[in-house]
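Read the structure below first, then the notes.
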Amino acid sequence: MAGSAPPAAVRVAVLGCGNVGQALVELLVGDGAALAARSGVRLELGGVAVADPGRARAGVPPGLLTGDAKALVADPGIDLVVELIGGLEPARTLVEAALESGKAVVTANKALLAAHGAQLAGFAAEQGVDLLYEAAVGGAIPVIRPLRESLAGERVRRVMGIVNGTTNFILTLMADEGVGYEAALAEAQRLGLAERDPTADVEGHDAAAKAAILAGLAFRCDVVDADVPRQGITGVPAVDVAFASRLGYVVKLLAVAEAVGEGLAVSVHPALVPLGHPLASVRGSFNAVFIEGDACGELMLYGRGAGGRPTASAVLGDIIDAAHNRLTGGAAPAPARARARLVPAEDVSSAYYLDVEVADRPGVLAAVATVFGHHGVSIRSMEQQGMGDEARLVFLTHRARHGDVQATIAELLELSAVRHVGGVLRMVTDEDPAALGAGGGA
Ligand SMILES: NC(=O)c1ccc[n+]([C@@H]2O[C@H](COP(=O)([O-])OP(=O)(O)OC[C@H]3O[C@@H](n4cnc5c(N)ncnc54)[C@H](OP(=O)(O)O)[C@@H]3O)[C@@H](O)[C@H]2O)c1
């Protein structure tokens with residue numbers, strides 16, 4: 001490299017200096033020279049915006065700290081804006097302002113992208129600048145770029161992601177230790193893996209935002225988080241996690257997007273994953289995205305889905321990409337996307353696990369089986385467990401329409417012998433969705 005010109009500088013504004021922003025500043029400033037040598041671009045920190053500029057931040061020269069994010073974005077000396085504030089506002093306004101003034105934007109903000117991604121991508125395309133968001137799904141795991149670029153020519157069939165580390169940690173603990181949801185959540189909170197208010201994670205909101213982003217990329221259409229039917233893990237009974245394990249399955253919260261004819265089924269729900277499936281080995285707070293395509297077959301991307309440094313690593317990769325593009329006058333490919341043709345939730349099909357508690361007396365099994373038959377839900381297997389004068393009947397079904405399964409449950413609850421329908425969980429199977437002519441889904 002002796003004698004070669006030093007790489008040109010790109011000036012970066014960082015909005016937000018919390019878990020991710022602070023780690024990013026450390027990577028940018030602490031390792032600047034080595035970073036320039038490795039990447040061929042010299043990144044200069046042009047400013048850091050926070051809510052409370054009175055509080056000093058490690059590695060940030062006081063002169064670069066500001067409480068006025070809007071002015072920092074508008075500063076003509078800034079080439080590239082990194083949004084790490086989170087939430088919808090003021091993040092949306094700031095990102096729009098940056099893009100409209102021709103500055104590339106890097107963000108880790110899944111909530112913003114899942115609500116307004118298509119519109120923001122449109123602004124970026126108009127200006128010919130990048131809007132990059134590798135860190136928004138799966139933290140450090142490269143998943144956005146592989147879907148957008150490496151798999152650009154692939155006809156994706158299905159994407160299934162374990163994209164929320166908190167819920168995966170809770171479900172792993174429930175399976176390993178046989179504890180209930182509340183005890184597992186308390187342990188996750190003690191370890192700092194769950195927020196004091198865990199709603200966004202345990203009710204599946206976070207996973208739904210990521211499902212929308214993944215579905216939009218994999219199927220090249222516009223999906224927003226409000227499109228995604230969502231079921232969290234708060235209603236997953238410990239007894240069903242244990243029973244699933246006896247049957248050779250593990251329960252995971254999945255974000256699923258699947259091609260169904262000309263349409264698309266997207267949802268977030270807990271599901272039974274066979275122990276031999278690669279997603280079953282994703283334990284604790286790890287994340288993974290499993291992709292099935294016509295030509296590529298099956299592939300899985302796996303790693304740390306959150307945490308300041310892992311997430312900052314993905315942000316830094318995007319910054320280097322955007323800086324390269326700025327210096328060479330290009331932008332990452334961002335084809336226009338039409339609204340997704342979503343399959344209604346009741347028409348989506350899946351194999352099911354159903355746990356039915358009944359009075360243990362002659363004729364009950366036949367009566368229950370008849371109800372399944374009424375609604376065209378085909379039983380694949382049944383296990384019975386005695387509980388005094390009651391019995392637990394656990395049914396595994398072939399693929400069935402969600403609407404038909406709901407109708408089956410409603411009619412079962414009208415039988416005098418049926419005490420309770422407990423866990424109703426979808427199952428990951430290889431059964432072809434076309435076999436039913438309706439929907440896919442795990
Ligand atoms: N944490 C993770 O593991 C992770 C993983 C993947 C993606 N993400 C995403 O990364 C983003 C940042 O997450 P985080 O965990 O780093 O958040 P965080 O720790 O809550 O930090 C947020 C930062 O934004 C600043 N801020 C708030 N309002 C502001 C405003 N009006 N103007 C300027 N700055 C403002 C805060 O300033 P003060 O410091 O003064 O309060 C703080 O520095 C989010 O979109 C999140 O979803 C995070």
Side-chain angles (χ1 to χ4, degrees), residues 13-27 47-60 62 64-75 78 81-95 97-98 105-117 120 131-144 161-169 188 191-198 200-201 205-210 212-214 225 255 285-287 289 303-319:
V14 179
L15 315 182
C17 194
N19 291 319
V20 184
Q22 181 70 64
L24 176 68
V25 166
E26 281 162 23
L27 293 175
V48 177
V50 289
D52 175 10
R55 189 155 58 83
R57 318 289 165 137
V60 182
L64 290 186
L65 203 59
T66 174
D68 191 346
K70 195 171 161 210
L72 181 59
V73 168
D75 180 344
I78 294 297
V81 172
V82 183
E83 186 277 307
L84 297 171
I85 296 173
L88 295 185
E89 286 296 346
R92 179 187 181 181
T93 306
L94 293 166
V95 167
V105 170
V106 173
T107 178
N109 191 334
K110 64 226 150 205
L112 177 65
L113 292 160
H116 304 295
L120 295 174
L131 169 65
L132 301 181
Y133 48 90
E134 184 60 70
V137 180
I141 309 169
V143 56
I144 302 294
I162 294 174
V163 290
N164 183 273
T166 304
T167 46
N168 202 49
F169 176 86
L191 294 172
L193 292 169
E195 307 272 341
R196 194 168 302 168
D197 175 3
D201 292 319
H205 297 280
D206 173 80
K210 292 167 179 170
I213 296 170
L214 288 175
D225 49 2
S285 60
F286 277 84
N287 283 198
V289 176
R304 288 264 172 226
R309 265 178 84 80
T311 307
S313 165
V315 173
L316 187 55
D318 276 351
I319 295 174

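Atoms within a ligand are numbered from 1 in the order they appear, just like the ligands themselves. Model, not experiment: these values are computed from the prediction.
- Using a 4.5 Å heavy-atom cutoff, the side chains of Ile144 and Val137 are in contact.
- With Tyr133 as reference, Ile213 is the one residue of Asn109, Ile213, Val106 to meet the side chain to side chain contact (heavy atoms under 4.5 Å, CB included) rule.
- Among residues two or more places apart in sequence or in another chain, the ring pair (Phe, Tyr, Trp, His ring centres under 6.0 Å) test is passed with Phe286 by Tyr302.
- For the side-chain hydrogen bond (donor to acceptor under 3.5 Å, both in side chains) test, residues two or more places apart in sequence or in another chain that qualify with Asn164 are Thr167, Asp201, Asp206.
- Shown here are the side-chain hydrogen bond (donor to acceptor under 3.5 Å, both in side chains) partners of Arg57, two or more places apart in sequence or in another chain: there are none.
- The residues lining ligand 1, counting any heavy atom closer than 4.0 Å, are Gly16, Cys17, Gly18, Asn19, Val20, Ala49, Val50, Ala51, Asp52, Arg55, Arg57, Leu84, Ile85, Gly86, Pro90, Ala108, Asn109, Lys110, Ala135, Ala306, Gly307, Thr311.
- Judged by distance alone, the side chain of Glu83 and the main-chain N or O of Leu15 form no donor-acceptor pair under 3.5 Å.
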